[in-house]
Amino acid sequence: MKNKHILDLYFTLHKEYGSQGWWPLSSIKTNNGYHPNNYKYPVTNQERFEICVGAILTQNTSWKNVEKAITNLKEINALNMLYFLDTPEAKIKQAIRPAGYFNQKYKKLVEFTKFFLSLKKRTPTRKEFLDIWGIGPETADSILLYAYKEPIFVVDAYTKKLLLKNKMIPQAEKASYEDIQKLFMDNLERDYKLYQEYHALIVANGKVKKI
DNA sequence: AGCCAGGCTACCG
DNA sequence: CGGTAGCATGGC
């Protein structure tokens with residue numbers, strides 16, 4: 001039996017903020033890269049790579065700053081998975097500077113890109129992503145959900161605060177990442193579109209904290 | 001002028 | 001295991 005409150009909260013958020021159109025892509029010229037009610041992206045492997053890069057760059061960083069970094073990477077032709085590793089370290093670091101932690105994030109991007117290039121067509125497992133230096137639970141799940149369309153719920157700092165504020169889980173402050181992920185996944189159908197929209201809505205709300 | 005932003009690693013007890 | 005300093009920049 002599913003706990004209706006989890007789905008009710010989704011509808012409440014969606015009514016308040018509307019479809020979010022995550023994950024934004026630089027190749028989409030309208031709406032600043034967002035694509036509401038269109039869940040076909042990524043279409044190409046290059047778009048998939050861009051989502052992964054963005055997921056790493058946005059760790060503890062506002063998306064506004066990440067946009068600048070992505071624009072810079074594109075300008076030096078380093079957002080392309082085939083050229084990233086051939087671009088000089090100093091140029092990459094300069095490009096991603098606006099996203100902060102540029103020394104760490106440079107290393108994370110290098111480790112990730114090596115792994116990404118080693119893949120053929122299959123979807124990697126969650127554990128494979130977690131074994132990469134610089135990829136933690138939220139980044140791994142964001143990549144699986146938005147780059148690979150796997151029905152995995154992404155938990156972030158806003159998610160816990162939202163549950164706490166709405167008293168939807170006893171002692172939410174003590175709940176682990178996996179506990180919270182399980183709460184959502186146990187109470188929602190395994191639908192990547194629903195999970196993509198829900199997480200995006202939680203972030204939209206987290207920025208204004210209305211609900 | 002602080003505090004926060006779509007976290008993670010390393011290291012501590 | 002759980003808790004936390006350090007990582008860096010830009011916006012408000």
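Chain A is the first sequence line, chain B the second, and so forth, proteins listed ahead of strands; every chain is numbered from 1.
Between A/E173 and A/K161 there is no salt bridge, since none of the side-chain N atoms of the basic residue sits less than 4.0 Å from a carboxylate O of the acidic one. Between A/E111 and A/K108, no side-chain nitrogen of the basic residue sits less than 4.0 Å from a carboxylate oxygen of the acidic one, so the salt-bridge criterion is not met. Comment: A/K93 engages A/E89 in a salt bridge, judged by a side-chain N to carboxylate O separation of less than 4.0 angstrom.
OP1 and OP2 of C/dC12 both lie 4.0 Å or more from every side-chain N or O belonging to A/K207. Between A/T139 and the phosphate of B/dC8, there is a side-chain N or O to OP1/OP2 separation shorter than 4.0 Å.
Between the side chains of A/Y39 and A/E197, a donor-acceptor pair is found at a separation under 3.5 Å.
Rounded to an integer number of Å, the gap from CZ of A/F112 to P of B/dC8 is 13 Å. Note: NZ (A/K68) to P (C/dA8) measures 18 Å, nearest angstrom. Rounded to whole angstrom, the span from the NZ atom of A/K174 across to the P atom of C/dC1 amounts to 17 Å. The CG atom of A/N72 sits 15 Å away from the C1' atom of C/dA8 (whole-angstrom rounding).
Contacts with DNA chain B (heavy atom under 4.0 Å) in residues 52-60 of chain A: A/T58, A/Q59, A/N60, listed by number.
Between B/dA1 and C/dC7, the two P atoms lie 24 Å apart (nearest whole Å). Only the C1' atoms considered, C/dA8 is 16 Å distant from B/dG2, to the nearest whole Å.
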Pairing of DNA chain B as dot-bracket, 5' to 3': ( ) intra-strand, [ ] crossing, | other strand, . unpaired, with Watson-Crick or G-U pairs under 3.5 Å?
.||||.|||||||
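Listed for the A/T12 side chain is a donor-acceptor partner under 3.5 Å among the backbone atoms of A/D8. A side-chain donor-acceptor contact under 3.5 Å links A/K165 to the backbone of A/K209.
When all heavy atoms are compared, the tightest approach of A/P98 to A/N72 is CG-ND2, 3.8 Å.
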